[in-house]
Amino acid sequence: GDSVTQMEGPVTLSEEAFLTINCTYTATGYPSLFWYVQYPGEGLQLLLKATKADDKGSNKGFEATYRKETTSFHLEKGSVQVSDSAVYFCALSGSSNTGKLIFGQGTTLQVKP
Amino acid sequence: DAGVTQSPTHLIKTRGQHVTLRCSPISGHKSVSWYQQVLGQGPQFIFQYYEKEERGRGNFPDRFSARQFPNYSSELNVNALLLGDSALYLCASSSLTGGGFYGYTFGSGTRLTVV
């Protein structure tokens, strides 16, 4: 079945460092891909999305490109801030229209001043 | 505009009891989905409802049930609670059934602890 695999965390970076969080997926058909962020004690917030191959999603300095050839959707940011500390989830929507999102296990990012 | 609202925010129940969790979607959103997030893991899909009909069901036992009301709010019910049901329960809404295409808006969740 469909699945998402993220790099294990925690990831600890200094402020202004470059961030990459790897995400690969397995899916039939042409899923949409998402990154969600979860701050402590809160629900999930949609960070960015891409709905077809070669699309680039971007928001708040974060970017991810839908790579069908490598089945990847890696999250990147050029210069992280302390306020980016959170748990990041990669997710995909299946080809069936059931509203089901399949999430990776999450990657904790800690940014130190 | 109010976002997705869930109640209660925290709940403690005893094994074997029943629990009802509630969700109000964003105004105008007709689709509501429920997810279970166990500590340290990604959310797992439980149900999706659209226009008061079940459109999807995840791999959860029959102890889990849900419904959607005419105002598009929703309830998630869990019977015969087990310790393993302790989790953060998240509700998400979307304007269309294709929320998987456009993206969902999540609430802050209900933290259920079963003792």
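Order of the sequence lines sets the chain letters (A, B, ...), proteins ahead of strands, with each chain counted from 1.
Residue Gln38(A) touches chain B through its side chain alone, counting heavy-atom pairs closer than 4.5 Å. Only the side chain of Gln37(B) comes within less than 4.5 Å of a heavy atom in chain A; its backbone stays farther off. When heavy atoms are compared at a cutoff of 4.5 Å, Ile46(B) does not approach chain A at all.
Residue with the most contacts toward chain A among Gly42(B), Gly58(B), Gly109(B): Gly42(B) (heavy-atom pairs, distance under 4.5 Å).
Each of Thr26(A), Leu101(A), Leu92(A) was evaluated against Val4(A); a single residue qualifies, Leu92(A), per the side chain to side chain contact (heavy atoms under 4.5 Å, CB included) test. Considering Tyr88(A), Phe89(A), Phe62(A) in turn, Tyr88(A) is the only one that fulfils the side chain to side chain contact (heavy atoms under 4.5 Å, CB included) rule with Ile21(A).
Other residues, nucleotides and ligands contribute at most 12 non-hydrogen atoms within 6.0 Å of the NZ atom of Lys112(A).
Formation of a donor-acceptor pair under 3.5 Å by the Thr110(B) side chain with backbone atoms of Pro8(B) is found in this model.
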